[in-house]
Amino acid sequence: MTTTSSGGEAAHPTADREIVISRMIGAPRELVFEAFTRVRHLSRWWGPEGFTTTTRAFEFRVGGVWDFVMHGPDGTDYQEWITWREIVPPERIALLHGESRDDPNAFESVLTFERADERTRIVMRTLFPSKELRDEAVEKYHAIEGGEQTLRNLAAYVADLAGSDTGQDETTPKGAER
């Protein structure tokens, strides 16, 4: 049996392993993209509400890494490792994200930055190695809420940089349903 999306086309065979979150941000695409490319920006907005980030190494280039620790509001530290796989300024970033370089449970993310007049729609598509790992991320680590909060933090940060109001920012999560 083929599963279809609401548009009538066949659903992607990896849908049960992915989370898709999007947000309209009231800032130009180049500025939103830049907020992902420089550690001085990332350290100001990355992560869910209440989290802070300490960077150990950062090299934004294909094959480069971002080695960092996220500090939870409860004092828990989370070792994180991102390898940049594709960079197409200012349109797309693909990355592999895990706890370490060789993490077998690492997940892939593709971020797209779509121009919408003077605003930017960012779409964050995350694909996990298995449905079980995706479900664990959703249930145990609150990945959907955390992703929404992270993009909300980004929207507020770039709005401050642009000196403008975020206007009609909206977040649209997909993948919460099972």
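Heavy atoms only: backbone and side chains are in, while hydrogens, waters and symmetry mates are out.
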Legend entry - Transitive ILVMFWY side-chain link V69 to V65, under 4.5 Å: no

Inset, instruction - Could you pull out the closest heavy-atom pair between H142 and E139, with the gap in Å? - result: CE1-O, 3.7 Å

Inset, instruction - Decide yes or no for I82 and F68: does some side-chain heavy atom of the first lie under 4.5 Å from some side-chain heavy atom of the second? - result: yes

Legend entry - For E49, salt bridge (Lys or Arg N to Asp or Glu O under 4.0 Å) partners two or more places apart: R152

Legend entry - Min side-chain heavy-atom separation R101-T83 under 4.5 Å: no

Inset, instruction - Please answer: with hydrophobic residues joined when any side-chain heavy atoms are less than 4.5 Å apart, are L127 and W81 in the same cluster? - result: no

Inset, instruction - Taking the side chain as every heavy atom from C-beta outward, state whether W66 and F60 have any pair of such atoms under 4.5 Å apart. - result: no

Legend entry - E114: salt bridge (Lys or Arg N to Asp or Glu O under 4.0 Å) partners, not counting sequence neighbours: none

Inset, instruction - Give a yes or no on whether L154 and L161 share a hydrophobic cluster (residues Ile, Leu, Val, Met, Phe, Trp, Tyr; joining criterion: side-chain heavy atoms under 4.5 Å apart). - result: yes

Inset, instruction - Answer whether the closest heavy-atom distance between the side chains of L42 and T53 falls below 4.5 Å. - result: no

Inset, instruction - Ignoring hydrogens and angles, state whether a donor on the side chain of T126 or S109 is under 3.5 Å from an acceptor on the partner side chain. - result: yes

Inset, instruction - Decide whether M124 and L31 are clustered together by the hydrophobic rule: side chain heavy atoms of Ile, Leu, Val, Met, Phe, Trp, Tyr closer than 4.5 Å, transitively. - result: yes

Legend entry - 4.5 Å side-chain heavy-atom contact, L111 and F33: no

Inset, instruction - Please tell me if the side chains of D67 and Q79 come closer than 4.5 Å, counting only heavy atoms from C-beta onward. - result: yes

Legend entry - Non-hydrogen side-chain atoms of L95 and W84 separated by less than 4.5 Å: yes

Inset, instruction - Determine the interplanar angle of the H97 and W46 rings, folded into 0 to 90°, and report it as parallel if under 30°, tilted if 30 to 60°, perpendicular if over 60°. - result: tilted

Inset, instruction - Check the angle between the aromatic planes of F36 and F113 and answer parallel, tilted or perpendicular using the 30° and 60° thresholds. - result: perpendicular

Inset, instruction - For the residue pair E136 and N105, establish whether any side-chain heavy-atom pair is separated by less than 4.5 Å. - result: no

